[in-house]
There are 2 protein chains.
Amino acid sequence: MLVTLKQIAEQLGISITTVSKALKDYPDVSKKTRKLVRETASLLHYKPNSFAVNLRTKESKIIGLIIPVIVHHFFSSVIKGIISQAEKKGYLVIILQSDESYELEKKQIDLLLSKRVDGILISLANGTGDFKHLTEIIEQETPLVMFDKIAKVVKCSKVIIDDRKAAYIATKHLIDIGCKRIAHFRGALLPQNSIDRFLGYKKALLDNNLEYDPSLIYVNECGDMSFEEGKENARQLLKDHKDVDGIFINTDLVAIGAMTEFAKLGVKVPEDISIVGFSNWFMSSVISPSLTTINQPGFEMGKKSFKILYKEIKDRKMNKSISYKEVVLDTDLVIRESTKRKL
Amino acid sequence: MLVTLKQIAEQLGISITTVSKALKDYPDVSKKTRKLVRETASLLHYKPNSFAVNLRTKESKIIGLIIPVIVHHFFSSVIKGIISQAEKKGYLVIILQSDESYELEKKQIDLLLSKRVDGILISLANGTGDFKHLTEIIEQETPLVMFDKIAKVVKCSKVIIDDRKAAYIATKHLIDIGCKRIAHFRGALLPQNSIDRFLGYKKALLDNNLEYDPSLIYVNECGDMSFEEGKENARQLLKDHKDVDGIFINTDLVAIGAMTEFAKLGVKVPEDISIVGFSNWFMSSVISPSLTTINQPGFEMGKKSFKILYKEIKDRKMNKSISYKEVVLDTDLVIRESTKRKL
DNA sequence: CTGAAAGCGCTTACAG
DNA sequence: CTGAAAGCGCTTACAG
């Protein structure tokens with residue numbers, strides 16, 4: 001059986017109170033007792049029962065993370081950032097995958113709250129259009145930090161990139177190299193970053209005297225930003241618009257799907273169509289042609305998100321008031337072979 | 001504040017005992033009381049305090065997972081398999097990344113044990129050569145299942161593939177298409193699957209009357225199976241052996257690194273050198289030339305590992321004796337463009 | 001410096 | 001059918 005304070009106390013003929021205090025370095029324990037207790041504890045391989053500690057202290061030292069997809073270069077980088085930072089602070093991380101489903105996301109938040117995690121980190125599912133489940137977290141006084149796919153109206157800390165600006169830069173790059181008819185694969189409609197990237201794309205066109213043509217926007221309402229999605233959109237695009245010479249594609253994986261389809265259909269990238277992706281997945285640097293894309297700092301986003309959450313957990317514990325933060329991380333355009341100046 | 005049993009009891013003027021029983025569907029509660037209690041509970045949004053439940057029931061409904069790398073196609077697939085299966089059974093998963101370090105792995109096991117997780121799933125770090133920390137898990141009566149990178153000597157359930165056979169088939173494929181001088185990028189020395197894959201490679205050579213030449217084995221002692229590792233090995237190989245016409249490379253990412261370097265140095269794949277990878281990462285299907293590789297079922301491995309762990313947790317709870325299982329999952333050779341019959 | 005006692009919020013064996 | 005009581009293993013305010 002596992003060792004308890006009681007057993008140490010009995011073995012030494014002292015009280016449980018004193019044992020507990022000695023192990024927690026309370027000043028009102030004699031050096032001699034402290035030493036004795038510590039020795040006995042390590043001899044017996046004593047480990048505090050965290051169930052009891054949790055119940056007493058009302059904290060679990062566990063946080064919850066809900067993420068749309070796990071097998072995903074960007075999101076797995078975020079996970080790594082969160083876990084590595086949490087570990088440093090003595091926190092463990094429970095990970096759940098919402099699979100882009102609002103229903104699942106709701107259930108998972110419920111699960112985490114009933115587990116009494118100390119805080120929650122979330123990147124919203126594409127299907128999430130209602131935010132009651134999120135405000136519930138805050139009402140329960142559980143710190144919440146949203147990252148990447150956020151809801152603007154929810155009052156909590158957020159870690160994001162400037163999607164509008166990044167999309168603007170991506171589109172501007174296509175314009176700069178001479179593209180005249182630029183399509184946009186947008187993905188789902190709802191997520192804030194889908195909205196912002198679209199707005200950035202549109203603004204870049206208008207600022208540069210290019211016509212904005214809604215029929216050049218490809219939306220995948222309930223999509224999952226997959227390779228297949230890219231292939232389908234590419235096929236459709238060739239049917240609809242033979243004159244497109246550039247595409248700004250939401251997420252590298254979709255862009256790679258499109259490029260694969262184009263290669264199959266004999267459309268040359270970048271000669272016929274230049275392509276800019278979004279996210280800078282590792283694979284984008286090793287495919288051929290390599291993909292011009294927006295570098296999105298996943299690891300840093302994860303780290304920063306945990307740091308903010310940690311501070312809120314501490315502040316709440318101290319009964320300090322919490323001021324929500326909104327951190328915007330830098331992105332940059334990585335120019336590779338999929339975009340080339342028109343002659 | 002959060003609602004407790006006591007509050008429901010007070011509100012209804014009955015005992016805590018009865019409230020608890022009503023909510024847990026004990027048969028010795030009148031229908032009327034049960035209904036009343038349930039209604040009040042849902043009205044007050046009662047959620048059992050899992051800290052108290054844990055302490056009483058001595059289980060956390062949380063399992064721990066230690067994995068060498070997270071940003072990794074195979075391992076993230078395993079994670080997804082584990083989480084999805086665990087969720088079905090009402091378990092949550094804490095994930096830790098060992099970063100291929102034995103020291104970290106040891107600390108993390110300690111952490112998980114002191115958190116009193118109900119079970120542990122692990123794939124060993126490359127650096128792990130000593131297994132005391134693992135036997136300690138078993139001594140503490142915490143169910144343990146190892147997957148992919150296992151330690152043969154540790155007595156617990158395991159979920160693996162037949163690495164030796166898979167490597168044999170990979171190497172045999174190179175022989176069948178006419179390769180005569182086949183190198184092997186092995187990665188680290190210690191992991192069981194590195195050993196087994198090497199043995200499979202060697203046996204394939206010997207069975208087919210090809211000379212086994214130790215200088216054709218490239219080991220990266222403390223390696224991390226990275227893209228860079230593949231590039232370095234490729235460079236070194238060209239210096240050492242100009243006559244190599246095939247390579248069996250441990251892990252796709254290393255293979256892709258090697259292919260990238262070969263492309264840069266003007267070595268043609270598959271014309272000059274045919275390459276077989278291992279793992280079937282998604283990116284292997286979209287690069288050019290696409291990579292022939294061994295498909296390793298990550299998602300299934302994760303699912304199966306959790307299923308076995310779950311059964312052991314249940315059996316232990318029932319005081320049933322536990323018989324350790326060793327499950328071997330199927331792999332298959334996926335032939336793509338990086339291997340081609342010599343003329 | 002030491003320890004008895006209360007309490008965190010549940011579950012469950014037992015009595016009535 | 002209902003409830004008083006013990007106990008899971010800690011922490012900590014309080015008394016001595």
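Quick note on labels: first sequence line is chain A, next is B, and so on, each numbered from 1.
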Between Lys149(A) and Asn126(A), a side-chain donor and acceptor under 3.5 Å: yes
Polar side-chain atom of Ser123(B) near backbone of Phe147(B) as donor-acceptor pair, under 3.5 Å: yes
Length of the CD-P vector between Gln7(A) and dG9(D), whole Å: 8 Å
Length of the line joining Leu55(B):CG and dT11(D):P, which is rounded to integer Å: 12 Å
Candidate nucleotides dA4(D), dC10(D), dC10(C), ranked by approach to the side chain of Thr4(A) - the nearest: dC10(D)
Gap between atoms NZ and P, on Lys6(B) and dT11(C) respectively (whole Å): 16 Å
Quiz item: Thr17(A) side-chain donor-acceptor pair to dA4(C) base, under 3.5 Å: yes
Ile79(B) and Val93(B): CA distance, side-chain angles, deciding distance, side chain to side chain contact (heavy atoms under 4.5 Å, CB included) verdict: CA-CA 9 Å; Ile79(B) 293 177; Val93(B) 186; over 6 Å; no
Closest to side chain of Ser15(A), choosing from dT12(D), dT11(C), dA4(C): dA4(C)
Residue mapping more 5' on DNA chain D - nearest nucleotide basis, Ile16(B) or Thr57(A): Ile16(B)
Verdict with reasoning, Glu103(A) to Lys107(A), per salt bridge (Lys or Arg N to Asp or Glu O under 4.0 Å): CA-CA 6 Å; Glu103(A) 291 304 326; Lys107(A) 265 188 215 156; over 6 Å; no
Residue closer to the 5' end of DNA chain D, Leu5(A) versus Thr18(B) (nearest nucleotide): Thr18(B)
Protein-nucleotide distance (Ile14(A), atom CD1; dA4(C), atom P), rounded to Å: 11 Å
Contact list for DNA chain D against residues 43-52 of chain A - heavy-atom distance below 4.0 Å: Tyr46(A), Asn49(A), Ala52(A)
Tyr102(B): ring pair (Phe, Tyr, Trp, His ring centres under 6.0 Å) partners, not counting sequence neighbours: His133(B)
Gap between atoms CG and P, on Leu12(B) and dG3(D) respectively (whole Å): 11 Å
Any donor-acceptor N or O pair under 3.5 Å, side chains Gln11(B), Thr40(B): no
Intra- and inter-strand pairs of DNA chain C in dot-bracket (Watson-Crick or G-U wobble, both distances under 3.5 Å; | for another strand): |||.||||||||.|||
Ring pair (Phe, Tyr, Trp, His ring centres under 6.0 Å) contacts in which one or both residues fall within residues 31-72 of chain B, not counting sequence neighbours: His72(B)-Phe75(B), His72(B)-Trp281(B)
Enclosure of Lys47(A) NZ (heavy-atom neighbours >12, cutoff 6.0 Å): yes
Check: Ala125(B) main-chain N/O paired with Glu105(B) side-chain donor or acceptor under 3.5 Å: yes
Side-chain donor-acceptor contact under 3.5 Å, Gln108(B) with Glu87(A): yes
Strand-adjacent residues in residues 19-34 of chain B, judged by heavy atoms under 4.0 Å from DNA chain D: Lys21(B), Asp28(B), Val29(B), Ser30(B), Thr33(B)
Rounded interatomic separation in angstrom, taking CD1 from Ile8(B) and P from dG9(C): 13 Å
Value in whole Å for how far the P atom of dG9(C) lies from NZ of Lys115(A): 17 Å
Any Lys58(B) side-chain nitrogen or oxygen under 4.0 Å from OP1 or OP2 of dG9(D): yes
Check ion pair Arg38(B)-Asp25(B) (N to O, under 4.0 angstrom): yes
Residues forming a side chain to side chain contact (heavy atoms under 4.5 Å, CB included) with Lys155(A), sequence neighbours excluded: Tyr324(A)
